[in-house]
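Computed from a predicted structure; not experimentally measured. Remember, it's 1-based here, ligands and their atoms both numbered in the order they're listed.
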Amino acid sequence: MITEYAVMNEASPDPEVIGRAGRIIKEGGLVAFPTETVYGLGGDALNPESSRRIYAAKGRPSDNPLIVHVCRLEDIELIVSEIPPQAQKLAEAFWPGPLTMIFKKSDLVPKETTGGLDTVAVRFPSNRIAQALIDAAGGFIAAPSANRSGRPSPTVAKYCREDLDGRVEMIIDGGEVGIGLESTIIDLTEGSPIILRPGYIGRKMLEEVLGKVEVDATLITPDSGIAPKAPGMKYRHYAPRGELVILEGESDKVIEEINKAAAFNAEHGMKTGVLCTDETKDLYRADSVKSAGTRSDELSIARALFRILREFDDEQIDRIYAESFSGGNLGQAIMNRLMKAAGHRTVRPGDGEKLPL
Ligand code: TXA
Ligand code: MG
């Protein structure tokens, strides 16, 4: 298959190209497109064959459900069997935007789209290209992130192309995304609302609207052995090809340990990458030192994270060392993705721990 590559500006989506992309989806084809979080790999959410094609193009296990993207609030009534009052409040506060809500599904949504579940994840993105495409495609686009399964989610179209060229009918390049981490997922199908995946819309923001909000226990203690409630959260994710380790604790100890390991790696013919911040970037000596941004602007770090992990691959880096992030809501979401990318490998030089050499 030859993949058409279309570049457009979010401020003025090209109606002719959007119309063609919408028809592709209506006919069962796939289109990668920008959203405000990450690029999505879109197909008709109501067509079981389209969902099968999405799983195949991504190389994704088919028990991992897809998010259904809408462009009008009233359309949600068609795909869910019940709208709890909390959903109404969240929609008013955060939609369109980077929030996904889980509902009980209606019969219109095929099980292929929901990975066999009776629930459906729904999101109303704010990106105007995404909205125009959803409308042109008939109102319901199933879209996981537009990466091959296990790879970092694409925040620029170049990486959709790298993963999906020849596997989808079209890629729409709408520039770099604004947020860079996937949407927050909240489950509203049980008594109290539960966050299944952290994101830009943090717990505090949700609690201001809803009152108490729980967090899926597996996000707090990932090694508990309990299955996460969002099936996709159990898989290794975002992994760069190089081996990634996160260093925690006092900054000067972290820097010293990384520089030592980088020197060792160089002596043994291995390339080292460092993922750090503006505050420390001049203090590292390694083949590739990349700042994700300043710690005072977590959004800049969120936006850069997945791109930098991909760039280390482009540069064929063997070993990647990352500073850790904490702090606000976004800091937790950043750390959640980084920990997954590292397969939870962390080292605390301040406690005498050493990087494996
Ligand atoms: O920001 C985003 O959400 C992006 C853009 C493209 O919209 N999409 C995205 O999709 O991140 P994906 O497929 O990469 O992640 C969807 C997550 C998975 O962890 C999946 O298991 C979970 O949502 N999920 C989907 N439907 C669910 C359901 N019914 N119940 C629980 N978790 C669900
Ligand atoms: Mg994904």
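Metal site remark for the Mg ion (ligand 2): Ser145 contributes an N, O or S atom at a distance under 2.8 Å.
Per-residue contacts place Ile185 under 4.0 angstrom from the following atoms of ligand 1 (heavy atoms of the residue considered): 17 (C), 22 (C), 23 (O). Of all the atoms in ligand 1, the ones that sit under 4.0 Å from a non-hydrogen atom of Pro65 are 20 (C), 21 (O), 24 (N), 25 (C), 26 (N), 27 (C), 28 (C), 33 (C). Interface of Leu117 with ligand 1, defined as ligand atoms under 4.0 Å from a residue heavy atom, comprises 28 (C), 29 (N), 30 (N). Residue Thr119 has at least one heavy-atom neighbour below 4.0 Å for each of these atoms of ligand 1: 28 (C), 29 (N), 30 (N). The distance from ligand 1 to the heavy atoms of Gly40 drops below 4.0 Å at these ligand atoms: 6 (C). In the vicinity of Ser183, heavy-atom distances shorter than 4.0 Å reach the ligand 1 atoms 1 (O), 2 (C), 3 (O).
Considering backbone and side-chain atoms together, Thr37 places an N or O closer than 3.5 Å to an N or O of ligand 1. Looking at Lys58 next to ligand 1, no N or O pair under 3.5 Å apart turns up.
For atom 30 (N) of ligand 1, the nearest non-hydrogen atom of the protein is Ile102 CD1, 3.5 Å. In this structure, atom 15 (O) of ligand 1 lies nearest to the protein heavy atom Arg197 NH1, 3.1 Å. With hydrogens left out, the protein atom closest to atom 8 (N) of ligand 1 is Ala143 O, 3.7 Å, a heavy atom. For atom 14 (O) of ligand 1, the nearest protein heavy atom (residue, atom name, distance) is Ser145 OG, 3.0 Å. Among protein heavy atoms, atom 19 (O) of ligand 1 sits closest to Gly232 CA, 3.2 Å. If you check which protein heavy atom lies closest to atom 7 (O) of ligand 1, you get His69 NE2, 2.7 Å.
Side chain of Lys26 to backbone of Gly138: no donor-acceptor contact under 3.5 angstrom is found. Between the side chain of Asp313 and the backbone N or O of Arg241 there is at least one donor-acceptor pair closer than 3.5 Å.
No heavy atom of Thr114 sits closer than 4.0 Å to any atom of ligand 1. Ligand 1 lies less than 4.0 angstrom from a heavy atom belonging to Arg60.
Minimum interatomic distance between Ser300 and Thr294 (heavy atoms only, all atoms of both residues): OG-N, 3.8 Å.
Closest heavy-atom approach to atom 4 (C) of ligand 1 among the candidates Asn64, Thr184, Val38, Asp118: Val38. Distances from atom 10 (O) of ligand 1 to the heavy atoms of Pro231, Pro144, Ala142 show the closest one on Pro144.
Interatomic distance, OG of Ser62 versus CZ of Arg52, reported as 9.5 Å (0.5 Å rounding).
Between Lys204 and Glu207, no side-chain nitrogen of the basic residue sits less than 4.0 Å from a carboxylate oxygen of the acidic one, so the salt-bridge criterion is not met.
Side chains of Ser153 and Glu182: a donor on one and an acceptor on the other come within 3.5 Å. Checking Arg123 against Thr37 by side-chain atom types alone, a donor-acceptor pair falls below 3.5 Å. Counting only N and O atoms by type, the side chains of Ser324 and Glu248 include no donor and acceptor under 3.5 Å apart.
Under a cutoff of 6.0 Å and an axis angle of 45°, Arg161 and Tyr5 form a cation-pi pair.
No close placement of the Phe33 and Tyr39 rings is indicated, their centers lying 6.0 Å or farther apart.
In Lys229, the part holding a heavy atom less than 4.0 Å from any atom of ligand 1 is the backbone.
Both Tyr55 and Val168 are part of a single hydrophobic cluster, where members link through side-chain heavy atoms under 4.5 Å apart.
Looking at Leu181 and Leu330, their side chains come closer than 4.5 Å, going by heavy atoms from C-beta outward.
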